[in-house]
Every structure is written in C-alpha cells, then in structure tokens.
Amino acid sequence: MNDEAALILIVEDEPKLAALLADYLKAAGYRTEICADGREVEARVRQLAPALLLLDLMLPGKDGLDVCRVLRRFSEVPIVMVTARIEEIDRLLGLELGADDYICKPFSPREVVARVRAILRRSRAGTTAAAADSPLRSALQIDEARYSAEFRGQPLALTPVEFRLLKTLADAPGRVFSRDQLLDRLYTDHRIVTDRTVDSHIKNLRRKLDAASPEQELIRSIYGVGYKLDW
Ligand code: CA
C-alpha cells in the first residue's frame, strides 16, 4: 500500500449494496466514498481523485455507460463496471468503453475486493518504474520484429495467429477480451471464422505455454465472456 490508503469511489444506487461494498473495502484497508446518482459522478471524481471506481451500470440520472464515456474524456482512473446481467458484459466489451474490468451481480464482496486489489497493483506497476516486479511479466519475452516469444527462457514455437493472440493479451494484462474482439485482431482479412476458432487457438497457445511452465496458468477463461492474461 502507499502511505495513504487508496480511495475507492463506489457508484451504486442500492444503499445496502453500497454499504456492504464499503464495509469490505474498508476492512481491506481502503478508504471509500459512495455516490448514488449518475449525474454527480463526474464532479465527485474531479473533487476526490479516487484511485478506482466501482461503477454500477443501472443508475438513476445517468447510466454507467454515459458516466464511463464522460470520465474517459479527462481521466484514466481505473473503472470496474458492475452489471446485473452476464450477457450484458459481451455487449459492453464490444462498446470499448475503456473500463478495466467487469463484475456481474450478484457478486461476492470478497471477489470485488480481490479484483480491486489486482487492478490497483497493476495500475501502480504501470505508473512506476517497478513494472518488472511481476516475475511473470519478466518471464515472458515477446519479440515483435522476429515474431517470436520466449517464456521462462524457453522459445515458444507459435504460429502467426498464436503469436498475435499472445501479443494482444499480453499488451493489456488483466483486460478481458471477448472472442469477437480477439478475432478482429487475429485476422485482418475478414475471413469467416467462428468463436470456436478462437477457443482452439487459445487451447494450442496454452498447451505451448504449459510446456514451458506447467505450474503457472497465464491465460484465464472468463466464463461467458472471453479471455484475459494475468500477471
Ligand atoms: Ca443500480
């Protein structure tokens, strides 16, 4: 933790849920503020400069989508979008709102705290020279000019599609990509491929990463949504 506890702004119009999240986050050592109206979020972010936002999608006044768009015009604050419908996440991902993570209701407050912690750790790593403090990050070497990659010193024999897949995920650690988004990045010629294609490339890529380091799962499946790579 930094000298001062990080401030989490909870944007949630259900008072009980907001209070529950605040309790768990405080127990984990964070400071919290609650905002229940979408129209007030921008002013609160400018005033409080929170370290992270938990942003409910369905809000009175202004919904979470609009709030996210407005914030991204002036702020890089990490945003965790909270929605009541898992099917909604795929659509949200497609909108490329710039949210950093998505959580589906009902959630376990412990899971929320774990995600908040992971994102803050990552965003601190990104803003300091200590980015190499993740052993996994330094274990994966990607050489774009040569289209080659090594994991823990072992060269990975990747196909061009697997290479692009790995590079896409590794360039945005922690970000969840839907299968559609991955397809867009894997094939530039708009050939007809299915979601299954992504799954089979992921499977092959995982097998090759596993061969280099069996104890560490680098690529995670997010049920019903897609994939992400975690350090
Ligand atoms: Ca709500």
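Hydrogens, waters and symmetry mates are skipped; everything else that's a heavy atom, side chains included, is used. In each ligand, atom 1 is the first atom listed, and ligand 1 is the first ligand listed.
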Contacts of type salt bridge (Lys or Arg N to Asp or Glu O under 4.0 Å), residue D37, not counting sequence neighbours: R39
Checking T159 against R164: is there a side-chain donor and acceptor pair closer than 3.5 Å? no
All pairs passing salt bridge (charged side-chain N to carboxylate O under 4.0 Å, His left out) where residues 47-61 contributes a residue, at least two apart: D56-K105
When rounded to the nearest 0.5 angstrom, what distance separates CG in L25 from CZ in R117? 9.5 Å
Give every protein N, O or S atom lying under 3.0 Å from the Ca ion (ligand 1), naming each by residue and atom. D13 OD1, D56 OD2, M58 O
Validate the cation-pi geometry between R46 and F74: distance from NZ or CZ to the six-membered ring centre under 6.0 Å, angle to the ring axis within 45°. yes
Pairs flagged by ring-ring contact (aromatic ring centres under 6.0 Å, His included) wherever residues 158-178 is involved - sequence neighbours left out: Y147-F163
